[in-house]
Protein chains: 2
Amino acid sequence: MATIDDVAKTAGVSASTVSYVLSGKRPISGPTRARVERAIEKLGYRPHAGARALASARTNVIALMAPLRVGVNVPVIMQFVTGVVTRARDFEHDVLLLTQDDVSGLDRVTGGSMVDALVMMDIEADDPRVPLVAAAKQPAVLVGLPEDPEGLSCVDLDFEAAGRLAVRHLAATGHTDVALIGSPPEVLRRHTSYAERLMRGLRSQAQASDVTVRVEACDSSPSGASQAVDTLLATAPDTTGIIVHNEGALPHVLSRLAERGIAVGTDMAVVAVCPKDVALAQRIPMTSIDLPAEDIGRVAVDMVMTRLDGDQPSETRLLAPVLTERESSTPGPAADG
Amino acid sequence: MATIDDVAKTAGVSASTVSYVLSGKRPISGPTRARVERAIEKLGYRPHAGARALASARTNVIALMAPLRVGVNVPVIMQFVTGVVTRARDFEHDVLLLTQDDVSGLDRVTGGSMVDALVMMDIEADDPRVPLVAAAKQPAVLVGLPEDPEGLSCVDLDFEAAGRLAVRHLAATGHTDVALIGSPPEVLRRHTSYAERLMRGLRSQAQASDVTVRVEACDSSPSGASQAVDTLLATAPDTTGIIVHNEGALPHVLSRLAERGIAVGTDMAVVAVCPKDVALAQRIPMTSIDLPAEDIGRVAVDMVMTRLDGDQPSETRLLAPVLTERESSTPGPAADG
DNA sequence: CGGGATCGTCGAAGCGATTCAACACGCTAG
DNA sequence: CTAGCGTGTTGAATCGCTTCGACGATCCCG
């Protein structure tokens, strides 16, 4: 491989000049720049990433911790990841992927200066990674909300507001008995923050809107979904509105309702909290609160990049939920006639 | 951050000794090793990845190109990725994720010595990345089969054998009119190798077993799947066995069959080509040919690691397909009575 | 008891970039 | 006419590690 010295030699300049042409940190005259660029082209020169990292203390790589835990919805994760990877490229950064949720990987990439910054997904209320990453020299952004952010920046959909919004929507369309079909029990057991925040919003708005809300955990299998539906209808037969916050279970919930002869949209209003494409890929276009996974990934990168040099204060960004009415929810019983 | 010199100083040895303790490339006496290790521990020393890469020409990172193209099944991709990431850790390597299928990323990580090796997924028959990666100084393994591998190593499920196996199974259980519900049209248009190989196997065995086989492309949406089923049953009403090679469409195909009152397993035998967990997550446990995505990812890493120093010759590894009978396929009409 | 092998450690030379201080040059202003 | 300035370029130091050759000490065997 050609080195910067080779380029310098064939362009008839010094290595530092080549470096400045590349980085633009000092003015270089037009002719010189042109000669250098020609030399680079000719030799097919690519700066050595390691050498660069050593000299400049910048790797142009960010770490993305995306633990693949049981119960997480893989396609949604991948939407995040896509957002992160593509946005990172806008900042000339590549992405190092860590899928294990152990803490050693964090230590390695952080301590070894393998990355300039970190984005961590699937944050739990009391996440063991948080103190470690707070102590790291690299800036970090958490996707989700830990109990104690320790001065770290966070970003996520405002699930609490989403919960309120969903209930408000159902209440406004005349429903008084609503239910949540939510995350798998494993997710709840881990105290993954989004699940709890949604419920909090749900409950507070239920009280405010004088609506009862029943909660069912639900794993993503067909049988799990059927069971959740059956239990719900057995214990709360007056339910006329369901909020589904479980991408994997959603199609099965709809199937089960269909099997039981319950027409979604007329007999039963259903609001999904999920990415738009999931909402549209069901048998009926779903009224949904969009989970803008790719956006969130993008924002996470924006935030972490801002903090690369300037010591921006930490900040928490909760994206406002947007509810889009589609065919799965229509005015409920109280609004009838 | 502490440097190797700091460690050397506090341990009372030279930096090279510390390095040898870490790498084990020269014998170090017990007491010395112990002193060094204590110093490392005490200072929380982590070798600087960039410096290491510069000096040793090893980054301990491999690149994973996983283009997220339309029509690919994301959960399956993630199974590959998981296999790659976890196996890479066994070799002390981390994974740099490239999701864009452009060629510039390849160039960057390759030319800039950011990685020691490459794993490339979703290979097309005439993939533009292949010549580039063949010219790179890093070893590479392709997941899939290009038309001309140019001396590169490849790994994949033996889809041609899978096609034969599926037909043989159906033929053996008495079916004479079978059909494939296959990949989305985009995938076929790209000449993604697995789709074509499966069809080749299907056709050759159909001829050998004196069975007719009809082929339907099928996108992964509910409507696409329904349409594929409807078209199939309209144009080939005698069909009694279906092979589904499309993870996304599979549940919808089954739903549609159910809607039309066709009982899977008795009226219609269905064989799926998909990961085992997908086969088991359907309304009926599916007879399936396992797509061992995670295994393939692991094997890809094994192969590429073998080629890191030794100049092992290139090799193509096609994993033998395994068919597991479950409830979705039972003896067909000719075997009845 | 001497000579060669073996073992453990060290010093120094890179690896390939970045960046700072310094310098040469041509201008303008005084 | 010169001091002073800005512009464009350079040389050298530096980043933190690996690795090669060398060297003293210890060991074994004849």
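Residue numbers start from 1 in every chain, and the chains themselves are labelled A, B, ... in the order their sequence lines are given, proteins ahead of strands.
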Check the distance between [N]'s [atom2] and [X]'s [atom1] and give it to me in whole angstrom.
X       : N      : atom1 : atom2 : value
B/Arg46 : D/dC17 : CZ    : C1'   : 16 Å
A/Leu43 : C/dG16 : CG    : C1'   : 15 Å
B/Asn60 : D/dC17 : CG    : P     : 14 Å
A/Ile4  : D/dG11 : CD1   : C1'   : 14 Å
A/Tyr45 : C/dG16 : OH    : P     : 10 Å
A/Lys9  : D/dG11 : NZ    : P     : 12 Å
A/His48 : D/dC15 : NE2   : P     : 19 Å
A/Asp5  : D/dG11 : CG    : P     : 11 Å

Using a cut-off of under 3.5 Å, enumerate the N/O to N/O pairs linking the protein to nucleotides 23-26 of chain D.
none

Counterpart residues, side chain to side chain contact (heavy atoms under 4.5 Å, CB included), relative to [X] (two or more places apart):
X        : value
B/Asp6   : B/Ala2, B/Thr3, B/Leu43
B/Val299 : B/Val155, B/Met303, B/Arg317
B/Ala34  : B/Arg38
A/Leu308 : A/Arg58, A/His93, A/Asp116, A/Ala117, A/Pro139, A/Met305

Enumerate the residue pairs fulfilling salt bridge (charged side-chain N to carboxylate O under 4.0 Å, His left out) with a member in residues 130-154 of chain B, sequence neighbours excluded, ordered by first and then second residue. none

Suppose the criterion is salt bridge (charged side-chain N to carboxylate O under 4.0 Å, His left out): which pairs have a residue in residues 82-91 of chain B, not counting sequence neighbours?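 Those involving residues 82-91 of chain B are B/Arg87-B/Asp90, B/Arg87-B/Asp302, B/Arg89-B/Asp94.
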
Without swapping roles, check the side chain of B/Ser193 against the backbone of B/Gly144 for a donor-acceptor pair under 3.5 Å.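 Here the side-chain-to-backbone pair does not exist.
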
Side chain A/Thr192, main chain A/Val187, donor-acceptor under 3.5 Å: yes

My understanding is that only residues two or more places apart in sequence, or in another chain, count here; which of them pass side chain to side chain donor-acceptor pair (under 3.5 Å) with B/Arg189?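 For B/Arg189, no residue satisfies side chain to side chain donor-acceptor pair (under 3.5 Å) once neighbours in sequence are set aside.
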
Show every side chain to side chain donor-acceptor pair (under 3.5 Å) that has at least one partner inside residues 125-135 of chain A, sequence neighbours left out.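 Qualifying pairs, neighbours excluded: A/Asp127-A/Arg129.
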
Per-nucleotide protein contact string for nucleotides 4-15 of chain C (B base, S sugar-phosphate only, - none; heavy atom under 4.0 Å): ----SBBB--BB

Any side-chain N or O of A/Lys25 under 4.0 Å from OP1/OP2 of C/dT18? no

Can you check whether B/Arg52 has a side-chain N or O nearer than 4.0 Å to OP1 or OP2 of D/dG16?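 So the side-chain polar atoms of B/Arg52 never come under 4.0 Å of the phosphate oxygens OP1 or OP2 of D/dG16.
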
Once you build an axis from the first five pairs and another from the last five of the helix from C/dC1-D/dG30 to C/dG30-D/dC1, how far apart in angle are they, to 10 degrees?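 Between the axes fitted at each end of the helix from C/dC1-D/dG30 to C/dG30-D/dC1 lies an angle of 40°.
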
What side-chain donor-acceptor pairs closer than 3.5 Å can you find for residues 291-298 of chain B, not counting sequence neighbours?
residue, atom, partner, partner atom, Å
B/Asp295, OD1, B/Arg298, NH2, 2.6

